[in-house]
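Computed from a predicted structure; not experimentally measured.
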Amino acid sequence: MTTTRNPIPLLLHLALLPLLAGCSALGFSTYPVAHVMTDDTKAVLEQTPGNPDVARELAKEVQTAHYLQPGDELLIETIDADVDFRLPADQRVLADGTIDLARFGRLVVASKTLEQAEAAIQRLIYEVTNEPTRVNVRLIDPIHRYYVIGEVNSPGAYSLTGHETVLDAIMEAGGLTPRASACDLLLARPTQPGSCRVTLPVCYRAITQLGDTTTNYHLKPGDRIFVARQSLCEEITGPLLGGRTCDRCCKRQVACCDPRVALTDLPNFTAPMIDSIAPMDPPGGPDPDAFAPDQRLPSEDSFRSVPREQEAVEPLRQPTEQPDESSPRLDGELDFGSLQG
């Protein structure tokens with residue numbers, strides 16, 4: 001006598017096997033997924049202003065003065081050709097903040113600007129040789145980094161040279177993976193403990209498909225770009241609703257009637273507030289008291305190229321007439337208030 005086994009339990013086991021293994025074609029997993037935007041992050045992101053005043057692709061900012069830190073690579077040279085000694089040229093600031101100056105010993109340069117490091121080296125040489133020597137310190141490779149995390153092909157830390165935007169960072173990380181969310185992308189800027197958080201939404205489709213620079217932010221040291229994984233709902237509704245604009249992104253996009261008048265001639269960087277920084281004379285030079293131990297380094301006012309009362313920066317562009325109500329703003333949106341009603 002033969003017995004017929006019920007095939008339903010076997011089919012159920014086969015259907016549940018991928019879920020128990022932690023993978024699924026729909027992205028469902030019994031194990032926690034790291035690349036998921038948390039509820040706290042979403043709450044902070046919802047509180048972000050619509051168009052924050054931050055640097056973007058067509059309005060980049062020059063970074064503030066660099067303060068040396070461990071890992072920075074320096075090139076140290078003596079300007080005077082008649083000196084009878086040589087300094088180690090290639091220097092990397094060590095973990096304790098020092099550099100090796102051979103016969104002159106080690107010197108702490110961490111938390112100093114390049115001008116302050118030059119003055120400290122010149123002071124050290126003068127103490128040993130009793131001769132004024134001019135030194136030039138150049139920053140070859142700063143330690144500045146930005147981070148791309150989540151659903152990208154090559155997540156990791158990347159060197160920041162100063163011109164990168166969000167799009168540059170994502171392309172440097174190999175682009176998005178097929179599992180990347182189309183809407184849950186953000187730029188997190190490091191802030192002090194206990195302070196408010198800076199999270200900026202990134203509209204990847206608007207950046208790549210429309211050339212919208214509203215969320216193509218100019219990166220700063222320490223920025224984190226996070227790309228979340230698609231949720232189960234996104235994967236299910238992707239074929240039907242995948243082409244819809246994200247809620248956090250600009251929905252009012254129009255084409256220029258004449259592409260030649262597009263705002264492509266805007267400067268990539270804003271003008272720095274200080275035109276130049278004068279080099280410091282070594283001890284024993286024109287001003288022997290300039291490097292007295294009890295005297296601080298020159299103040300900010302001594303570096304100003306114009307008096308304080310005349311340092312107002314002239315606008316980059318002064319339109320002669322008021323723009324039309326429907327003219328595009330720098331944030332990429334249009335004002336249709338006058339057309340409603």
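- Identified under the disulfide (SG to SG under 2.5 Å) test for residues 72-183, with sequence neighbours left out: Cys183-Cys246.
- Here Glu61 pairs with Lys220 under the salt bridge (Lys or Arg N to Asp or Glu O under 4.0 Å) rule; sequence neighbours left out.
- Distance check: Leu219 CG to Thr161 OG1 gives 9.5 Å after rounding to the nearest 0.5 Å.
- One distance of note links CD1 of Ile225 with CD1 of Ile170; it measures 5.5 Å at 0.5 Å rounding.
- For the pair Glu151 (side chain) and Arg229 (backbone), a donor-acceptor distance under 3.5 Å is absent.
- Taking the ring pair (Phe, Tyr, Trp, His ring centres under 6.0 Å) definition, one finds that Phe85 meets it with Phe104, sequence neighbours left out.
- Between the Thr165 side chain and the Asn216 main chain, no donor and acceptor come within less than 3.5 Å of each other.
- Pro201 is listed as a side-chain neighbour of Thr48, based on a closest heavy-atom distance under 4.5 Å.
- Note that CD1 of Ile207 is 3.5 Å distant from OG1 of Thr215, once rounded to the nearest 0.5 Å.
- Among residues two or more places apart in sequence or in another chain, the ring pair (Phe, Tyr, Trp, His ring centres under 6.0 Å) test is passed with His163 by none.
- The ring pair (Phe, Tyr, Trp, His ring centres under 6.0 Å) test applied to Tyr146 returns Tyr158, not counting sequence neighbours.
- Inter-residue side-chain proximity for Leu176 and Val152 is flagged as met; some heavy-atom pair is nearer than 4.5 Å.
- Heavy-atom minimum distance, Gln230 versus Pro178: NE2-O, 3.5 Å.
- In this structure, the separation between CG on Leu45 and CG on Leu187 is 10.5 Å, given to the nearest 0.5 Å.
- Judged as a salt bridge (Lys or Arg N to Asp or Glu O under 4.0 Å), and not counting sequence neighbours, Glu131 has no contacts.
- When all heavy atoms of Gln91 and Ile76 are compared, the pair lying nearest together is CG-CD1, 3.7 Å.
- Looking only at side-chain heavy atoms (C-beta outward), Gln69 and Tyr67 stay at 4.5 Å or farther from each other.
- Within the structure, the salt bridge (charged side-chain N to carboxylate O under 4.0 Å, His left out) test picks out the following pairs touching residues 67-91 (sequence neighbours left out): Glu73-Arg92, Glu77-Arg138, Asp80-Arg134.
- Side-chain atoms of Thr129 come within 3.5 Å of backbone atoms of Ile125 as a donor-acceptor pair (strictly under, hydrogens ignored).
- A donor-acceptor pair under 3.5 Å is absent between the side-chain atoms of Glu46 and the main chain of Ala43, judged by distance alone.
- Counting heavy atoms from C-beta outward, Leu107 and Ile121 have side chains that approach closer than 4.5 Å.
- One distance of note links OG1 of Thr208 with CG of Leu167; it measures 7.5 Å at 0.5 Å rounding.
- Two residues are said to be in side-chain contact when any heavy atoms from C-beta on lie closer than 4.5 Å; His218 and Gln63 meet this criterion.
- Among Leu68, Leu75, Thr113, the single residue meeting the side chain to side chain contact (heavy atoms under 4.5 Å, CB included) criterion with Leu139 is Leu68.
- Residues meeting the side chain to side chain contact (heavy atoms under 4.5 Å, CB included) test with Thr98, sequence neighbours left out: Leu94, Asp96, Arg106, Val108.
- Note on residues 71-130: no pairs pass disulfide (SG to SG under 2.5 Å), not counting sequence neighbours.
- A search for side chain to side chain donor-acceptor pair (under 3.5 Å) contacts involving Ser181 returns Glu234, not counting sequence neighbours.
- Remark: Thr38 pairs with Thr41 by the side chain to side chain donor-acceptor pair (under 3.5 Å) rule, at least two apart or across chains.
- The salt bridge (charged side-chain N to carboxylate O under 4.0 Å, His left out) analysis of residues 186-203, with sequence neighbours excluded, yields the pairs Arg189-Asp223.
- Atom OG1 of Thr133 sits about 11.0 Å away from atom CG of Leu124, to the nearest 0.5 Å.
- Here the side chains of Glu172 and Glu164 are not in contact, with every heavy-atom distance at 4.5 Å or above.
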